[in-house]
Amino acid sequence: MTGPVRVRFAPSPTGYPHVGNIRTAMFNWLMARHTGGKLVLRIEDTDVARKVEGAVEAIMDGLKWLGLDWDEGPDVGGDYGPYYQSQRLELYRQATERLVAQGDAYYCYCSPERLEEMRAEQVRLKQPPGYDRHCRDLSPQERAEQQAKGITPVVRFKVPLEGQTTYNDVIWGDITFEHGTIDDFVLLKSDGYPTYHLANVVDDHAMKISHVIRAEEWISSVPRHLLLYRALGLAPPQFVHHPMILGPDRAKLSKRHGAVSILEYRAQGYLPETMLNFLSLIGWSLDDKTEIMSREELVDNFSLERIGRTGAIFNREKLDWMNGVYIRGLSTDDFAQRALPFLEKHLPTPVKRPLSADYVREIVPLIQERARTLVEVAGLAEFFFLDELEYDAGLLIGKNMDRQLAVRTLKTAENGLEQLASFDTESLEDLLRPMAVELGLKTGQLFGTLRVATTGRTAAPPLFQTMAVLGKERCQRRIAAALAMLERSPR
RNA sequence: GGCGCAUUCGUCUAGGGGUUUAGGACACCUCCCUCUCAAGGAGGAGAUCACCGGUUCGAAUCCGGUAUGCGCUACCA
């Protein structure tokens, strides 16, 4: 059992909130809540060029949607702010100066062009690419000469040429890297901003982070960070790397695999409780059978030890299934309320807005157990709202029936319905079941024809309930329309 | 190319030396329920535990190698 942790989610505001990143946030959040610790949100906006307007808001939006709250961050403040790295430049500058003064870092005047050529050459010679340490041992004069040219240098870390660094990953165990395979990476860019490596180390320490929980793709930067911690005389946090989310081709999940933003899933009608549950099961499991877990159960049972080591493909079909489970678990009111905006948005344009909340509440129980996403609700419920139904008249003629029989069936129903005093489910059943016998039809034949006439489709919610919601007048109108269609259609 | 890591049903996973004829879930198939669809219930099919060798009385489980895959290899994070 781990004591209260201080963990952080440190996204870079360069785009939409990717489900992979949100899952990382979720693991951090779970860990914070499980141990009674703190989650800090830190914005790693050190890449001026790639910064995207509105990205921070989108990320927060995604987090809030899933109910992943943070204890410290740009909007809520905290004792270790500011929480935008762009506002902490002085800290990085100081650390850099110290490293240079100690001889652990140096100014590098190499132009981007030179670096590019060098890399191309290395690739051509099939050598491991990496900085060739051209500026590592410049004399004071040489430095002065470069400086005189007006070149703004970057600062690089002086990686030891020999030795190795081993660390113990909570999930992967001991991992060892030879220093010889690590090049002199950049600490401070020429624009005065730090690189991810420097900023990460400085901030994780300054913010007293106890566990760094992030995706597997960062494993190879751990030795660099460890070297930095050591040079700065700081104690490193625990490192926890979780496996990544993969696309169907087993490559890192990306845009070309389809929806990757958590906000897209919201727009597609997935419930936040589904997403939280589903994401938690990618790379983590409670036991051999538990799958549906509430936020509380997740918090109570979460543990780093049960995070796996293999990347997992994002399985949309299973997501759909799980969302269906959650949708069916909602109260009618809750479901109606959640479905309403999706109906407003996705119902065909001829349908008048705003929708009647009362009518929607009547409809919704009939589709709740048939919908797997909130978007699907619109398609499933469409016929409840349309004035004109469009379908192939042939569908009115059921199995072992002919046109004439279909006409007779509809006319009989028309008359029967006319006589009906109260148009509720029970009355409809009492009228229609005997009617099938009377017509010499199987119930399926009668109901099928009526279903097509009243809904325009062969698959719909149960007939009597559907008709009751539709109402007498609308049903009659539709049956009359069906009759007209049959008459009109070519024999 | 270098470094690091991984490999159990199509997919997500449980299992970490004998309790396993390898368990569960999604998807798939059959049947039941039934006015259609959905939901639900009962079954079924699906994994030589990547491969090869070793350790052991015994290996999916431990060790080594091979293969394959993935990640990293920027003045991006």
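Residue numbers start from 1 in every chain, and the chains themselves are labelled A, B, ... in the order their sequence lines are given, proteins ahead of strands. Computed over heavy atoms, backbone and side chain alike; hydrogens, waters and symmetry mates excluded.
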If the cut-off is 4.0 Å, is A:Arg42 near the phosphate of B:rA77, judged by side-chain N/O to OP1 or OP2? no
Any side-chain N or O of A:Arg306 under 4.0 Å from OP1/OP2 of B:rG15? yes
Classify the angle between the aromatic ring planes of A:Tyr109 and A:Tyr107 as parallel (below 30°), tilted (30 to 60°) or perpendicular (above 60°). tilted
If the sugar-phosphate is the primed atoms plus P, OP1 and OP2 and the base is the rest, what is the B/S/- string for nucleotides 29-36 of chain B, using protein heavy atoms under 4.0 Å? ------BB
Verify whether one side chain among A:Arg8 and A:Asn200 offers a donor that lies under 3.5 Å from an acceptor in the other. yes
Using atom types as modelled, flag every donor-acceptor pair under 3.5 Å from a side chain in residues 155-162 of chain A to any protein atom, sequence neighbours excluded.
from	atom 1	to	atom 2	distance (Å)
A:Arg156	NH1	A:Asp184	O	2.7

For a quick check of understanding: with a heavy-atom distance under 4.0 Å over all strands, which category does A:Ser285 fall into, base, sugar-phosphate or nothing? sugar-phosphate
For B:rC72, does OP1 or OP2 lie under 4.0 Å from any side-chain N or O of A:Lys252? yes
Taking any strand in view, what nucleotide pairs with B:rG64 in a Watson-Crick or G-U wobble way, both distances under 3.5 Å? B:rC52
Nucleotide nearest A:Thr310 when distance is taken to its side chain, options B:rG71, B:rA6, B:rC75: B:rA6
Identify each atom pair where a protein N or O and an N or O of nucleotides 23-27 of chain B are less than 3.5 Å apart, giving names and distance.
from	atom 1	to	atom 2	distance (Å)
B:rG23	N2	A:Asp288	O	3.1
B:rA25	O4'	A:Glu291	OE2	2.8
B:rA25	O2'	A:Glu291	OE2	2.4
B:rA25	O2'	A:Lys318	NZ	3.4
B:rA25	N3	A:Lys318	NZ	3.1
B:rC26	O2'	A:Lys318	N	3.3

Under 4.0 Å: is that the gap between some side-chain N or O of A:Arg119 and OP1 or OP2 of B:rC75? yes
Heavy-atom closest pair, residues A:Pro461 and A:Thr466: O-OG1, 3.1 Å
On the nucleotide B:rA77, are OP1 or OP2 found under 4.0 Å from the side-chain N or O atoms that A:Lys51 carries? no
So, are A:Arg133 and A:Asp183 salt-bridged, with charged N and O less than 4.0 Å apart? no
Can you tell me how far P in B:rC51 sits from the matching atom in B:rG10, rounded to whole Å? 13 Å
